[in-house]
Amino acid sequence: MKTTIAEVSKYVGEKVTIGAWLQNKRSSGKIAFLQLRDGTGFMQGVAVKAELGDEKFQEAKGLTQESSLYVTGVIVEDTRSSFGYEMQVSGFEIIQEAKDYPITPKEHGTEFLMDHRHLWLRSRKQHAVMKIRNEIIRATYEFFNENGYVKVDPPILTGSSAEGTTELFHTKYFDEDAYLSQSGQLYMEAAAMAFGKVFSFGPTFRAEKSKTRRHLIEFWMIEPEMAFMDHEESLVVQEQYVSHVIQSVLTNCKLDLEALDRDTSTLEKIKAPFPRISYDDAVQLLKDKGFNDIEWGEDFGAPHETAIAESFDKPVFITNYPAEIKAFYMKPHPERSEVVLCADLIAPEGYGEIIGGSQRIDDLELMRQRYEEHDLTGDAYKWYLQLREYGTVPHSGFGLGLERTVAWISGVEHVRETIPFPRLLNRLYP
Ligand code: 4AD
Ligand code: MG
């Protein structure tokens, strides 16, 4: 019977065959412990000389790291490992013997590992981070599908910018100029007017010269957009969505969180509602904490966000930022036009902003005025203005950065380990 490590619990006491790679091994005179992985999981195979015979046992002892093989044996319960099962190996067939696998069990530097990312992905921790990423994506589709959202895919090649022009990747589109999408938001607003509640999930690109643990050049964003929804209602969606994602990972990725030594007690507390603090109060809080460099009207940097987050044990919404430092499309506060109806959601433990969201301007005249102020008078933005002309409604939306969320939940330090093949300031390989 051919099966996978993920399925072995169904075959206790039975003989099965698994296609696997040898991750590591330990052996003594009469017994060899083979650490097997097959993509679906990690399991120990126990090879005993008395069972295999002299020749085959010598072959087992000589197996090299990352050799590929078909292993056959009986599955037994193993209460010592958290996986819970192991295989009593009765035979194996080598598919290919791998020689001198570059990533050995010893410590390697980050640059070396990043140069071997195509192989590094096989290792236990990297595998765990990717499984958590996969679970976050699964839980995202689940949440939005169950709540009546339609998935809409905005374009990646665009003629306009959504979040300012300084960080755009430029390319030629035959005779025209085009840009790689920084955010699907403007198109998602059009989609919300067609389908009510929508969400997107796709790659976005920012030519940011930032070399921090939170910045990627290519990253993936989940962007919901809701018609007939104000900013306060959008915050409720955000906290429910993030809570759903966290609780799903806690339920479905236990072995992965354990492989990463993630302290899950901090994650267990992450349930809606989340605290809110206004930008004004956040500035005051920072001053009280001894940050003398921050003045009202300035944007927060990473150390500021971390200091604010430290005052709460859940993610915190910082609301109503000054209009000056936010995007052109955000709706002004009805009583204070110098601030906008927006919020950034700051994750705990120093992971920074994971969501940026706002209520959008729905008034045609005000949007026309913003176009003037921001010099958006070209043809590229004509369609976006028409959304305010034909049946405009109050609407809100947000964007969750997938990699920062994966980093936070997995507890890995840097976003470069949260995407299979990271694109960084100095890295396009592999
Ligand atoms: O705050 P941002 O720029 O918001 C937008 O793009 C809005 N148009 C979203 C919307 O309302 N539909 O980006 C949203 C999130 C950030 O909170 C952050 O998590 C992530 O995207 N992000 C990045 N992640 C990794 N590397 C980068 N360079 C990122 N820039 C933003
Ligand atoms: Mg932002």
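We use all heavy atoms of the structure for the numbers below, so side chains are in, but hydrogens, waters and symmetry mates are not. Whatever order the structure lists ligands and atoms in, that order sets their numbers, starting from 1.
- Atoms of ligand 1 lying under 4.0 Å from at least one heavy atom of G399, given by number and element, are 9 (C), 10 (C), 11 (O), 12 (N), 14 (C), 15 (C).
- Looking at G357 next to ligand 1, no N or O pair under 3.5 Å apart turns up.
- A ring-ring contact (aromatic ring centres under 6.0 Å, His included) with H127 holds for exactly one of F42, W21, W120; it is F42.
- For ligand 1, the atoms closer than 4.0 angstrom to any heavy atom of Y329 are 7 (C), 8 (N).
- You'll find the ring centres of H395 and F228 outside the 6.0 Å limit.
- For an aromatic pair to be called close, the ring centres must be under 6.0 Å apart, and F312 with F274 fails this.
- A heavy-atom distance below 4.5 Å is not found between the side chains of K326 and E163.
- When the N, O or S atoms of E353 are ranked by distance to the Mg ion (ligand 2), OE2 comes first.
- Under 4.0 Å from ligand 1, the heavy atoms of F219 that appear belong solely to its side chain.
- The shortest N/O to N/O separation between M221 and ligand 1 does not fall below 3.5 Å.
- Results of the side-chain contact (heavy atoms from CB on, under 4.5 Å) test with L257 over D263, N252, I132 single out I132 as the only residue that passes.
- Judged by the 6.0 Å and 45° rule, R388 forms no cation-pi pair with Y390.
- Backbone or side-chain N, O or S atoms of D344 do not reach the Mg ion (ligand 2) at under 2.8 Å.
- Around atom CZ of F195, no more than 12 heavy atoms belonging to other residues, nucleotides or ligands sit under 6.0 Å away.
- Remark: among candidates R206, H215, Q185, the nearest residue to atom 2 (P) of ligand 1 is R206, based on non-hydrogen atoms.
- Residue contacts with ligand 1 for I355 involve N, CA, C or O but no side-chain atom from C-beta outward (heavy atoms, distance under 4.0 Å).
- The distance from ligand 1 to the heavy atoms of G356 drops below 4.0 Å at these ligand atoms: 1 (O), 9 (C), 10 (C), 11 (O), 17 (O).
- Neither the backbone nor the side chain of F205 comes within contact range of ligand 1; no heavy atom lies under 4.0 Å.
- Atom numbering of ligand 1 starts at 1 in the shown order; those under 4.0 Å from a heavy atom of I354 are 17 (O), 19 (O).
- Using bins of under 30°, 30° to 60° and over 60° for the plane-to-plane angle, the ring pair F199/Y149 lands in the perpendicular bin.
- Looking at R214 and E403, no side-chain N of the basic residue comes within less than 4.0 Å of a carboxylate O on the acidic one, giving no salt bridge.
- The side-chain heavy atoms of M87 and Q44, taken from C-beta on, include no pair separated by under 4.5 Å.
- Counting protein heavy atoms only, atom 26 (N) of ligand 1 is closest to L216 N, 2.9 Å.
- For a threshold of 3.5 Å applied to N or O pairs, the pair formed by E353 and ligand 1 contains at least one separation below that value.
- In the vicinity of G401, heavy-atom distances shorter than 4.0 Å reach the ligand 1 atoms 15 (C), 19 (O), 20 (C), 21 (O).
- Considering each of R214, E403, E225, the one bringing a non-hydrogen atom nearest atom 25 (C) of ligand 1 is R214.
- In this structure, D256 pairs ionically with R124, as a charged nitrogen and a carboxylate oxygen lie closer than 4.0 Å.
- For atom 11 (O) of ligand 1, the nearest non-hydrogen atom from the set R360, E223, R404, E218 belongs to R360.
- Comparing heavy-atom distances from atom 8 (N) of ligand 1 across M330, R423, E163 singles out E163 as nearest.
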